[in-house]
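Read through the structure below, which is laid out as structure tokens, and then see the notes.
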Amino acid sequence: MKGRVSTGVPILRLGDVLVTGLLNELDDKVALAFTHELTERISADRVRGVLIDISP
């Protein structure tokens with residue numbers, strides 16, 4: 001994974017839904033990496049929904 005930024009944000013699959021949460025503020029690089037990783041997982045896992053917990 002040369003050149004890839006580790007997001008450290010877990011993305012879990014629960015049935016046909018991906019569940020993730022943002023525990024801290026993300027800088028620009030990590031936010032873009034998270035978006036890329038989440039998009040790849042949506043496509044690869046063929047999920048029907050995504051739940052992102054943004055509560056403090």
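Remember, it's a predicted structure, so these values are computed and weren't measured experimentally.
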May I have the list of side-chain donor-acceptor pairs in residues 49-56 shorter than 3.5 Å, sequence neighbours left out?
residue, atom, partner, partner atom, Å
Asp53, OD1, Ser55, N, 2.9
Asp53, OD1, Ser55, OG, 2.7
Asp53, OD2, Ser55, OG, 3.4

List the atom pairs, donor and acceptor, that lie under 3.5 Å between side-chain atoms in residues 14-23 and the rest of the protein, sequence neighbours left out.
residue, atom, partner, partner atom, Å
Thr20, OG1, Pro10, O, 2.7

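Rounding to the nearest 0.5 Å places CD of Glu37 at 10.0 Å from OG1 of Thr39.
Between the side chain of Asp45 and the main chain of Val47, no donor-acceptor pair closer than 3.5 Å is present.
Residues passing the side-chain contact (heavy atoms from CB on, under 4.5 Å) test with Asp28, sequence neighbours excluded: none.
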